[in-house]
Each structure stands twice: as structure tokens, then as C-alpha cells.
Amino acid sequence: MSVHPRAGKPAEPSDLIDVPKVISRYYTEHPEGAEVAQRVAFGTSGHRGSSLRTAFNEDHIAATSQAIVEYRREQGIGGPLFMGRDTHALSEPAQLTALEVFAANDVTVLIDSRDGYTPTPAVSHAILSYNAKNHSKADGVVVTPSHNPPDDGGFKYNPPDGGPAGTDATRWIQDRANDLIAGGLKGVHRVSAGRARGSANVSGYDFLGSYVDDLPSVIDIAAIRDAGVRIGADPLGGASVAYWGEIAERHGLDLTVVNPVVDPRFGFMTLDWDGKIRMDCSSPYAMASLIARKDRFQIATGNDADADRHGIVTPDGGLMNPNHYLAVAIDYLFRAREGWPVTAGIGKTLVSSSMIDRVAADLGRRLDEVPVGFKWFVPGLLDASIGFGGEESAGASFLRRDGGVWSTDKDGILLDLLASEIIATTGRTPSEHYRTLTERFGAPAYARIDAPASRAEKAVLGRLSPEQVTAKELAGEPITAVLTNAPGNGAAIGGLKVVTGSGWFAARPSGTEDVYKIYAESFHGPDHLARIQEEARAVVSAALRG
């Protein structure tokens, strides 16, 4: 992966989007159904794309909203639909399009009562809070492309379980939306924007107050306040911008909102590794401004645009690798949360660090290893059969202090606050805790790289069976497992994972580029990791050749 020469440097005027152009293209460009790149396509976090590439336009959202209406009817979902949006330029136009469709179809929609931005975890929290008290079940939509560049839009659906929709739901919605587009939107019911806004079906909900006031049920806020932990929170211009100030005020925390600016161009950002503006709070390049201020705070935190991801910066360690923080969070929570069920396990994606495996074994807790995608953690968080679910891309959530469900979608605000709780109750930073873990279990080297692959090769990779891997060793060690299904739930991983005693690699096809991703880790250091990566290419190439 070559790093752009200006990575980590402040964005310049030439890097910024033309907001009027992005919005006008949303309304004036129309997708061609035969163009694969212009179809509605739900990935692990909904439909995403740029209006400039005719991948996220009014037709997409009108059709997808109508498809959601019909899906709700088919599933018997009769409660309100909670709807949030982030700060991307396309989020407000897309929310308005959706409201026009939902109102025309007599769907009760609850939007932010302050006409503000709504993080993904606040929508999940709202759905679960409503459904805990009502027979008629609610669901939700979040208009966000997460950490994606400023010209992108995103639209994701959360069913009544509060988490990311499963494949059955997203495939149904996606296919119906594409049928509606192919039919010229003739099946889409819609009213004007004015009628939608004034409709009795659209009303306000206090997402912010409901979420912020409930935080003491999941985080030891009193400990953070009493210890006087000095916190710096950077929303990176995203939907958590108003939440952090309210958290400080309502709970009496020593918390500074480092950057309260909202700008759909995200012109205050430093460029990511490839020279693009991307609100990735796990990237040292995108987080360069906050890292430079690390000595001003005991803990500094970041979030992506919809606040479902976390970034943890400590004075002694800088920006923590997400895998490192997940291991620390798990080790801390399962020792500190006495109200959690003794049977609650630990959920991780199969491309997350094996440090988590070692921590889980030390805790004596069951480890559920699942495919990539937070949706796999939803059932376990709902019934408390897992206490913590996390993925390597800095997304996680966990149970309330009494063992009840908090959110079933990723919650970056929650994980950020947990870092302050760890400092308050232990007197040590999360990065100090991670060094202790490495002293006990070893220090893994972890990396992800991309390798070229044609569309046909990616299709083969997604359908591999263990028998197609003929290698017996990897980087000098016997191969102990070849996986094409996740051991935690038996679901297909859409790729391959090869494991040895002290290392592993996983290969998955990219959904957007002609590459496959190789995740790899070694407990024998960077040189051994490089060997695993090199041999991983050979193993995958041999399997692809048959």
C-alpha cells in the first residue's frame, strides 16, 4: 500500500468537494439499470455511493424507501420508523426523499426533534428502547456513508432487533429497489416535500436526550466524573458533534469538544493514507490533528461521521490500533462487570487479532468467531449470550452494567467513554493495559494488504472450500486449520482463513475494487508476518488456479 505524499497533512482547497454540484447531481442524474455500479447494492452497512458517479441519487433513495415500506408490510412491522442522518452533504437530501416516500405510504417516522444529526448508536438505542415497552415493533433507517469521503451518500436499514439488517432483508430490499428503478419508479408512492414535513406521520423524537441520559446504565460515568479524567473528544465533523457537549454538561465531565465545526466538505480534516478526505478515526493520517494534541488530555477520542466507530488516543501511546483496544476493552469489561451473565461470551470477527483469543481463554469465556459484519453479533447482544461484540475496523458494542442490551449496532461514543472509565477506575491508560497484555501473551504484528484479482477470481475466492487449499505449512509452521466457514456460527466467510500455532491469514474479495484483501497476523514479529503475507498470496493463487 503506497502512502500519498500529503497523507496526514491538512486538506487544501483543491481537495474539497463542490457541494452544490454534489447535491444537484443527486437530483439530476439517473441510474442506468444495466450498469452494475449504478444499481442499489447493500453491503455490510447499507447502500453507499457518490452522486457524481450516479451511484447515490434520488432514484436510488426513492426506490429503496419504497422497498423498505413493502418489506415492513411483509414482515408485519407496524411500529414507528426511527430515522437519523449524519453530516455528509447528501444526507439531508436523501432524508427528505425518504420522508416523501414514507409519508405517502402512511409510515410513522420519528426524526430528531431538534432537526439535528443523529449517530447510528442513538438510532439503535431508540429502536430497542421502544420495542422493550411496546407490542408493535419499530425499526429504523440511518442516512450515512459512515467514514466515506464527502461526496458519498449512504442509506442503511436497521430492523426491529436494532442492528444492521441481515442478508435476507438487505437482498430483498436491494432487489425490489432495483426492480422499481428498472420500472421507471412507477411503483413508488410519494408526496411533496412540504406535505411530507407537515404530515401527521412525521414527528420528532429526542434521540440526544434519550441516549445521553441513559449512559450511566452502561458506563460508570460517576467514576469518570469523580476521577476528573481530562477528555478531548473530536467528532471529526460528524453526527456526534452535539452529543459530546451534552455528555459533558449533563454528567459534569471535564470534557472538551476539540472541533465543534460541521462542514459538509470536511475541510478541517487531514488527508488519509491515499490522499483522500475520509473520516476514519482508526487511521493515524485522518486523526493526525488529534494525535498532535494528545498531551493536552488524559484521553482523546474520535468518531467517524455516524459515530459507530471509535478512535482512542493516549499520551503514552498515540492512536491505538483498533485490535489492541478491543483486547483491552474485553479484558477490562469481563473483570469489571459483575452484573453480566457468567455464560456471556465474547464475539469477534475472524479477521480480528488473535490477542482476543488469548484474552478470552485467560478469562475462561467462550469465543464466538464470526464472519466480517456487525450483524452477526446482533442475536448475541440481544439475548446477552455475548457480552461484547467487536470488529477490527474499530466497531463494537457491549451490554449494560446489569447485563441487559444497550445497542445492537456499533457504538463509537460508548467505546470512547469506556477508555475514560478504564483510566478512572484503574489509574492506567488503555495503551498501558495493552502493554501488560503483550507481556503476558506476546506482541502480535498485524497488517492488511491488497492483492490484484479479476472479478472472476474474486467470485472463485468467495466460493472456496477447505479442500482446495493443498499447502501443509505456512511460514515454517504446520497449518492447523483451513476455514471457509466461521467457527462461531458456521456462516460462510466469503473467503478463506488459514491458521497456524502463532499466526494466520484471511483472504476476502473486495466488494468495490478488483482486489482481494489479505489480513494477517504473527506472534513472531514483523519478519514472520511478512513471510505469512508472501506465502498467503501463493496459497490463494494456487487455490484460485484449482
Side-chain angles (χ1 to χ4, degrees), residues 1 43-45 146-147 164 272-273 278-287 302-304 308-312 317 319-331 333 346-360 367-377 380-381 386 388-398 409-412 414-416 418-419 430-431 434 437-438 441 443-450 483 486-489 491 493-499 503-511 515-523 529 532-533 536:
M1 184 176 74
T44 55
S45 293
S146 188
H147 62 292
D272 203 3
W273 66 272
R278 188 180 288 111
M279 287 59 68
D280 183 354
C281 51
S282 67
S283 164
Y285 305 106
M287 289 277 279
N303 295 113
D304 62 342
D308 69 346
R309 299 189 186 202
H310 58 270
I312 307 299
L319 179 66
M320 289 191 72
N321 180 296
N323 274 303
H324 299 179
Y325 183 59
L326 292 183
V328 169
I330 290 165
D331 187 66
L333 284 166
I346 297 163
K348 62 165 273 195
T349 53
L350 56 84
V351 296
S352 299
S353 174
S354 289
M355 176 64 87
I356 295 171
D357 302 51
R358 300 184 182 199
V359 168
L367 183 70
D368 291 345
E369 187 172 0
V370 300
V372 172
F374 201 80
K375 64 185 179 184
W376 301 108
F377 301 129
L381 289 169
I386 63 169
F388 182 101
E391 54 186 8
E392 82 298 334
S393 58
S397 189
F398 52 86
D409 212 328
K410 296 174 286 190
D411 192 337
L414 179 67
L415 271 293
D416 286 347
L418 178 65
S431 46
Y434 184 71
L437 291 179
T438 63
F441 304 122
Y446 178 102
R448 195 201 91 185
I449 59 175
D450 294 343
L483 305 173
N489 60 3
I493 65 179
L496 174 73
K497 183 172 182 178
V498 176
V499 185
W504 58 270
F505 81 82
R508 297 178 60 248
S510 169
V515 299
Y516 66 89
K517 305 173 188 294
I518 298 176
Y519 304 80
E521 184 174 48
S522 170
F523 276 81
L529 173 65
I532 290 177
Q533 291 171 322

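Because only heavy atoms are used, hydrogens play no part in the values below, and waters and symmetry mates are left out as well, while side chains stay in.
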Legend entry - Ser352 to Trp504 - nearest heavy-atom pair and separation: O-CZ2, 3.5 Å
Legend entry - Sequence-distant partners of Phe441, ring-ring contact (aromatic ring centres under 6.0 Å, His included), two or more places apart: none
Inset, instruction - Taking Asp272 for its side chain and Arg278 for its backbone only, find out whether a donor-acceptor pair lies under 3.5 Å. - result: no
Inset, instruction - Kindly write out the residues that satisfy ring-ring contact (aromatic ring centres under 6.0 Å, His included) with His147, not counting sequence neighbours, or none if the list is empty. - result: none
Inset, instruction - Go through the structure and list residues passing ring-ring contact (aromatic ring centres under 6.0 Å, His included) with Phe398, not counting sequence neighbours. - result: none
Legend entry - Minimum heavy-atom distance Gly503-Ile532, with the two atoms named: CA-CD1, 4.0 Å
Legend entry - Euclidean distance, Ser146 OG relative to Asn303 CG, rounded to 0.5 Å: 10.5 Å
Legend entry - Heavy-atom donor-acceptor pair, Asp304 side chain to Arg309 backbone, under 3.5 Å: yes
Inset, instruction - Kindly determine whether Glu369 and Lys497 satisfy side-chain contact (heavy atoms from CB on, under 4.5 Å), including the steps that lead there. - result: CA-CA 12 Å; Glu369 187 172 0; Lys497 183 172 182 178; 2.6 Å; yes
Inset, instruction - Could you tell me whether a side-chain N or O of Tyr516 sits under 3.5 Å from a main-chain N or O of Gly495, the two making a donor and an acceptor? - result: no
Inset, instruction - Please identify each residue that fulfils side-chain hydrogen bond (donor to acceptor under 3.5 Å, both in side chains) with Asp411, with sequence neighbours left out. - result: Tyr211, Trp406
Inset, instruction - Please name all residues satisfying ring-ring contact (aromatic ring centres under 6.0 Å, His included) with Tyr519, sequence neighbours left out, ordered by chain then number. - result: none
Inset, instruction - Locate the shortest heavy-atom distance separating Pro430 from Val328; write the atom from each residue and the value. - result: O-CG2, 3.5 Å
Legend entry - Straight-line distance of Tyr325 OH to Met320 CE, nearest 0.5 Å: 8.0 Å
Inset, instruction - For Gln533 and Ile449, indicate whether the former's side chain and the latter's backbone hold a donor-acceptor pair under 3.5 Å. - result: no
Inset, instruction - Check whether any side-chain heavy atom of Asp331 sits under 4.5 Å from a side-chain heavy atom of Leu437, and report yes or no. - result: yes
Legend entry - 4.5 Å side-chain heavy-atom contact, Phe377 and Ser397: no
Legend entry - Minimum-distance pair of heavy atoms, taken over all atoms of Trp376 and Pro371: CD1-O, 3.2 Å
Inset, instruction - Assess whether side-chain contact (heavy atoms from CB on, under 4.5 Å) is satisfied between Val359 and Ile356, documenting all intermediate values. - result: CA-CA 5 Å; Val359 168; Ile356 295 171; 5.6 Å; no
Legend entry - Any Leu483 side-chain heavy atom under 4.5 Å of Leu496 side chain: no
Inset, instruction - List in chain and number order the residues that pass salt bridge (charged side-chain N to carboxylate O under 4.0 Å, His left out) with Lys410, two or more places apart in sequence or in another chain; answer none if no residue qualifies. - result: Asp308, Glu391
Inset, instruction - Starting at CD1 of Ile312, measure out to CG of Asp416 and round the result to the nearest 0.5 Å. - result: 4.5 Å
Legend entry - Exercise: identify the closest heavy-atom pair between Ile493 and Ala486: CG2-N, 3.5 Å
Legend entry - Flag side-chain contact, heavy atom, 4.5 Å: Leu367 against Lys348: yes
Inset, instruction - Kindly indicate whether the side chain of Phe523, heavy atoms from C-beta on, has any atom under 4.5 Å from the side chain of Arg358. - result: yes
Inset, instruction - Work out which heavy atom in Leu326 is nearest to a heavy atom in Glu392; give both atom names and the distance. - result: CD1-N, 4.3 Å
